[in-house]
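Notes for the one structure printed next.
Computation of the quantities below employed the complete heavy-atom set of this structure, encompassing side-chain atoms and omitting hydrogens, waters and symmetry-equivalent molecules.
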Amino acid sequence: MARRRRVGGRCDLVVRDGPTPRRPGARRRPAAHDATEEPDTVPSAAQHPRPTPPGSWDVHRPPSAEGRSILVTGGNAGIGYFVAEQLAGTGATVVLGSRDRTKAEAAAASIRSRVPGARVRHVPLDLADLASLPATVDALALDRLDAVVHNAGVALDDPPRRETADGHELMFGTNHLGHFALTRWLAPLLMAAPAARVVTVGSFAAKSERLDLTDLQSCADDYRPKRTYGRSKLAQMTFGFALDRRLRALGSTVSSLVAHPGGALDALTPSRAPVHVRTSGERLRGLPAGLLVQGKDAGAWPVVRAVLDPLATGGQLWGPRVFGLRGLPRAEPVQEQMVDAALAARLWEASCELTGVEADLGFR
């Protein structure tokens, strides 16, 4: 169960082993909706990915997505921009979720300049302000949503520790809790689509981290931004796989997949003025790194494939083919810690507590 401990700000949730006590007379939810239990009999595609047939996917000519609507959080820059540009090229209506209207409009203009007839627009989205999320979903003005790409994120390089408007550590609060809560408000639109997908964008950095369920908000004295970032992305990825298990248990038409871009550098990323401008000097300095990593345009390929590949299934992890750092996208095996049902159940419980959303996230 969880108990409160005041340590300053919202750093007050300590997760303990054991079930959460129920209110007198409260009716217990089925396991698929329970914050503390994972449906352990539901198989996941994550641990045993289907082999990717060579040559079956052309990153430069993905299949048509005409008639589909896709939300890309943080679609105004970085990996998110290239995901949006590539999806727009398939005929999909792409919605850029961004806090900054000016940057989003510049990104939309850049996409239209490269994709004639692109259907792209912006909705205000601030994942660090949980109370604003229902208004964001209303602003979509859609009857259904065919996919959401949980891409937006914050990465701090140096202390001090910062907090969101809700009092959560900034990276964990934005990268994980914001997307967790957004999924709840998007659930009705996702369920209204024939076969919607939730694609959570993780990070290669998550593979070397471990979640500390007693300090999810990184309140400890040895606050380290890079470690906190890696853990926030690990929480995101753990959520993506847990959501897959819960959706399978419900027999839902919605599926949840996870993708990561590998190693993606600005120096290897083509210019998209004014969104991103790469000088000739930066390009030359970045060439040696191209043996191991790639640009953000290529980093978007696994995400786009997770969204559009008709053979992709819930619970898969998509990443670059070469050491998980560069190359064409493929379904890859998942580390055990990311699909640990007991750990995921405790993270889910904590996330519900911190965001104030119900355990089934609106999927019924």
Side-chain angles (χ1 to χ4, degrees), residues 38 44-47 49 70-75 78-80 82-84 87 97 125 127 133 145-155 171-187 189-190 196-207 209 211 229-248 252 254-262 264 299-309 312-320 324 329 331-335 337-341 343-344 347-348 351 355 357 361-363:
E38 283 279 345
S44 172
Q47 293 157 298
I70 303 170
L71 170 64
V72 181
T73 72
I79 297 291
F82 286 98
V83 169
L87 290 173
L125 171 65
L127 292 165
L133 298 182
L145 185 66
D146 295 280
V148 56
V149 178
H150 287 331
N151 162 81
V154 174
M171 289 185 280
F172 179 73
T174 303
N175 302 354
H176 171 60
L177 293 179
H179 284 116
F180 184 88
L182 178 63
T183 305
R184 183 268 172 263
W185 299 111
L186 291 174
L189 295 181
L190 293 165
R197 293 185 181 183
V198 178
V199 177
T200 299
V201 181
S203 171
F204 194 84
K207 296 185 176 184
E209 295 296 341
L211 287 178
Y229 172 77
R231 288 179 176 179
S232 75
K233 300 304 286 186
L234 176 56
Q236 271 192 279
M237 298 171 82
T238 301
F239 160 65
F241 295 122
L243 179 61
D244 165 66
R245 292 192 294 273
R246 289 168 181 262
L247 291 170
R248 286 171 180 258
S252 177
V254 183
S255 57
S256 174
L257 301 88
V258 180
H260 73 90
W301 291 343
V303 183
V304 172
R305 185 162 189 179
V307 173
L308 294 182
D309 188 342
T313 60
Q316 287 182 323
L317 172 63
W318 289 86
E332 62 181 55
V334 182
Q335 290 178 302
Q337 61 161 337
M338 293 182 183
V339 288
D340 182 327
L343 181 146
L347 174 65
W348 196 285
S351 301
T355 60
V357 302
L361 292 192
F363 294 102

- What closest approach, in Å, do Gly324 and Phe204 show between heavy atoms, and which atom pair accounts for it?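 Heavy-atom minimum between the residues: O-CD1, 3.5 Å.
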- Task: Identify the heavy atoms of Leu145 and Leu71 that sit nearest to each other, and give their distance.
- Result: CD1-N, 3.9 Å
Any donor and acceptor pair, going by atom type alone, linking the side chain of [X] with main-chain N or O of [Y] inside 3.5 Å?
X	Y	answer
Gln236	Thr200	no
Arg248	Gly314	yes
Lys233	Val201	yes

Validation row: [X], [Y] side chains within 4.5 angstrom (heavy atoms):
X	Y	answer
Trp318	Asp309	yes
Leu308	Leu87	yes
Gln337	Leu234	yes
Leu317	Phe241	yes
Leu133	Leu125	yes
Val339	Arg245	yes

Checking [X] now: which residues fulfil side-chain contact (heavy atoms from CB on, under 4.5 Å) with it, not counting sequence neighbours?
X	value
Ala264	Ile79, Lys296
Ala235	Phe172, His176, Leu211, Leu347
Ser255	Arg197, Leu257

Once rounded to the nearest 0.5 Å, what's the spacing between atom [atom1] of [X] and atom [atom2] of [Y]?
X	Y	atom1	atom2	value
Leu189	Asp146	CG	CG	10.0 Å
Phe363	Leu243	CZ	CG	5.5 Å
Leu361	Trp185	CG	CH2	11.0 Å

- Donor + acceptor pair across side chains of Glu332, His260 (<3.5 Å):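 Checked: Glu332/His260 side chains pair up, N/O donor to acceptor below 3.5 Å.
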- Message: Tell me if the centroids of the rings in Trp348 and Phe180 come within less than 6.0 Å of each other.
- Response: yes
For [X], check side-chain hydrogen bond (donor to acceptor under 3.5 Å, both in side chains) against everything at least two apart and list the hits.
X	answer
Thr73	His179
Ser256	none
Asn151	none

- Query: By salt bridge (Lys or Arg N to Asp or Glu O under 4.0 Å), which residues pair with Arg231, not counting sequence neighbours?
  - Reply: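 Here the qualifying residues are Glu209.
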